[in-house]
Amino acid sequence: KEDFSGHQVLRISAADEAQVKKVRELEDLKHLQLDFWRGPSRPSMPIDIRVPFPSVQAVKVFLESNGIKYSIMIEDVQTLLDEEQEQMLAFRSR
Amino acid sequence: ASSTDTFNYATYHTLEEINQFIDLLVAENPNLVSKIQIGSSYEGRPLNVLKFSTGGTNRPAIWLDTGIHAREWVTHASGVWFAKKIIEDYGQDETLTAILDSLDIFLEIVVNPDGYAYSHSSNRMWRKTRSINAGSSCVGVDANRNWDAGFGLSGSSSDPCSETYHGEYANSEVEVQAIVDFVNSHGNIKAFVSIHSYSQLLLYPYGYTTARAADQAELHELAKTAVDNLSSLYGTEYEYGSIITTIYEASGTTVDWTYNSGIKYSYTMELRDTGFYGFLLPAKQIVPTAQETWLALITIMDYTLKHPY
């Protein structure tokens with residue numbers, strides 16, 4: 001199974017259209033291997049991105065250097081997936 | 001589970017478990033529900049649709065689908081809950097009984113079974129179908145960009161490695177083609193609701209153009225009523241509007257095609273997001289999500305019954 005250890009999901013709050021556009025630039029940076037859970041649309045809508053561990057620092061630096069606010073929505077994706085699996089297995093064994 | 005009464009609706013299930021549930025439900029209620037196979041997936045899995053019907057021939061019908069996108073597990077889980085809810089409420093709930101006495105309901109719980117199975121076995125984050133793209137090492141097509149409505153325009157990707165890859169041509173995905181064939185051959189579907197997660201939205205056409213749908217005013221009013229009813233249960237806040245104005249430009253989407261095909265009450269939903277989990281919504285939220293979503297669905301279905309066209 002694919003391992004998502006260290007992957008974080010960032011929730012980005014773009015303040016205006018210019019910041020939305022800036023976040024869109026991230027979509028073109030294929031080497032970062034970002035997974036847009038909720039893509040950039042307009043300033044009032046949050047943008048959620050799953051960021052693989054090796055890209056976490058680069059993305060955070062990009063956001064901070066452009067003054068774009070974000071929070072960590074999921075600290076470690078794999079931890080949540082492990083909990084999900086445990087819950088399913090517990091149900092089956094019961 | 002030995003029956004649909006003992007089935008656990010508050011946990012996520014594999015494709016095999018969902019298919020077992022479908023067979024149980026049909027076996028328990030042969031006079032009300034049957035299973036139709038509308039085709040086979042790319043990897044050969046059956047595309048199962050539940051038909052809820054109290055009789056008649058080619059009655060006007062409502063289509064509900066959950067799980068075009070594999071990783072949106074709460075949608076499949078909600079679909080299972082809806083199926084049981086329809087059985088439980090028929091003969092008990094006045095509104096649902098009236099609907100089923102005149103209309104059929106079709107429910108496809110797993111539109112993309114290959115992707116769903118893959119999300120269980122290999123990659124929980126898988127979204128697309130599992131078809132091989134000629135000339136690319138990247139697998140799969142976004143089945144919600146593969147419909148023949150503004151196919152290939154902005155709001156989808158021509159890159160097979162993109163999560164919004166539209167595919168080589170409209171209906172290239174057998175999972176999409178199967179629904180297209182079914183809808184066209186049925187010819188009497190009056191409402192179509194395609195369910196996704198997660199952004200808490202109730203959307204109507206269009207996604208590929210800023211042009212207003214001819215019925216926009218009516219669709220908007222109905223969406224407002226549906227959202228108000230949904231929110232009345234747990235206070236979950238939804239936005240509603242056309243796809244392009246409410247979320248973003250998206251071409252080749254399901255409900256743009258259904259609307260252009262003459263199904264007036266065409267909606268797509270994005271289910272619950274608590275702001276903490278995204279696609280990884282904890283299983284304990286499945287039932288509340290399904291319960292509140294049902295209130296929106298019953299609103300749309302009831303309106304469809306009372307406003308024939």
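These numbers come from the heavy atoms of this one structure, side chains and all, not from hydrogens, waters or symmetry mates.
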Enquirer: If I measure from the heavy atoms of chain A, does B:S162 come under 4.5 Å with its side chain, its backbone, both, or neither?
Expert: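 Neither part.
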Enquirer: Taking the side chain from A:K1 and the backbone from B:H120, do they hold a donor-acceptor pair closer than 3.5 Å?
Expert: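 Here the side-chain-to-backbone pair exists.
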Enquirer: Does the pair A:R38/B:D273 count as a salt bridge with the N-to-O cut at 4.0 Å?
Expert: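 Between B:D273 and A:R38 there is a salt bridge, with a charged N closer than 4.0 Å to a carboxylate O.
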Enquirer: Give, for atom CZ of B:F276 and atom CZ of A:R11, the distance between the pair rounded to the nearest 0.5 Å.
Expert: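 CZ of A:R11 is found 8.5 Å from CZ of B:F276.
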Enquirer: So, A:E83 and B:K284, do they make that salt bridge, N to O below 4.0 Å?
Expert: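 No.
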Enquirer: Chain B heavy atoms under 4.5 Å from A:P40: which part of the residue, side chain, backbone, both or neither?
Expert: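 The answer is the backbone of A:P40.
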Enquirer: Does any backbone or side-chain atom of B:T246 lie under 4.5 Å from a heavy atom of chain A? Answer side chain, backbone, both or neither.
Expert: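 Contact with chain A: backbone and side chain both.
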Enquirer: Measure across B:G278 and A:W37 and return the closest heavy-atom pair with its distance rounded to 0.1 Å.
Expert: CA-CZ3, 3.8 Å
Enquirer: Is B:R124 reaching over with its side chain to a backbone N or O of A:F4, donor-acceptor style, under 3.5 angstrom?
Expert: no
Enquirer: Does NZ in B:K224 sit with more than 12 non-hydrogen atoms of other residues, nucleotides or ligands closer than 6.0 Å?
Expert: no
Enquirer: How long is the gap from OG1 on B:T11 to CD on A:E84, to the nearest 0.5 Å?
Expert: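 Here the interatomic distance stands at 8.5 Å.
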Enquirer: To the nearest 0.5 Å, what is the distance between CG (A:D48) and CZ (B:F279)?
Expert: 8.5 Å
Enquirer: Side chain from CB out, backbone as N, CA, C, O: work out which of these in B:R127 comes under 4.5 Å of a heavy atom of chain A, or both, or neither.
Expert: neither
Enquirer: Tell me, for B:E249 versus chain A, whether the close heavy atoms (under 4.5 Å) come from the side chain, the backbone, both or neither.
Expert: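 The answer is neither part of B:E249.
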Enquirer: Please classify the contact of B:E270 with chain A as side chain, backbone, both or neither, using a heavy-atom distance under 4.5 Å.
Expert: neither
Enquirer: By a 4.5 Å heavy-atom criterion (distance strictly below it), what part of A:M88 contacts chain B: side chain, backbone, both, or neither?
Expert: both
Enquirer: Strictly by modelled atom types, are B:S122 and A:E2 linked by a side-chain donor-acceptor pair under 3.5 Å?
Expert: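 Result is no, nothing qualifies.
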Enquirer: Can you give each donor-acceptor pair under 3.5 Å made by side-chain atoms of residues 130-141 of chain B, sequence neighbours left out, with the distance rounded to 0.1 Å?
Expert:
from, atom 1, to, atom 2, distance (Å)
B:S131, OG, B:T129, OG1, 3.4
B:S131, OG, B:E173, OE1, 2.6
B:N133, ND2, B:C138, O, 2.9
B:N133, ND2, B:G140, O, 3.2
B:S136, OG, B:C138, N, 2.9

Enquirer: If you look at every heavy atom in A:M73 and B:Y198, which pair is closest and at what distance?
Expert: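 Residues A:M73 and B:Y198, closest heavy atoms: CE-OH, 4.1 Å.
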Enquirer: A:V9, A:L80, A:D3: which one forms the most heavy-atom pairs within less than 4.5 Å of chain B?
Expert: A:L80
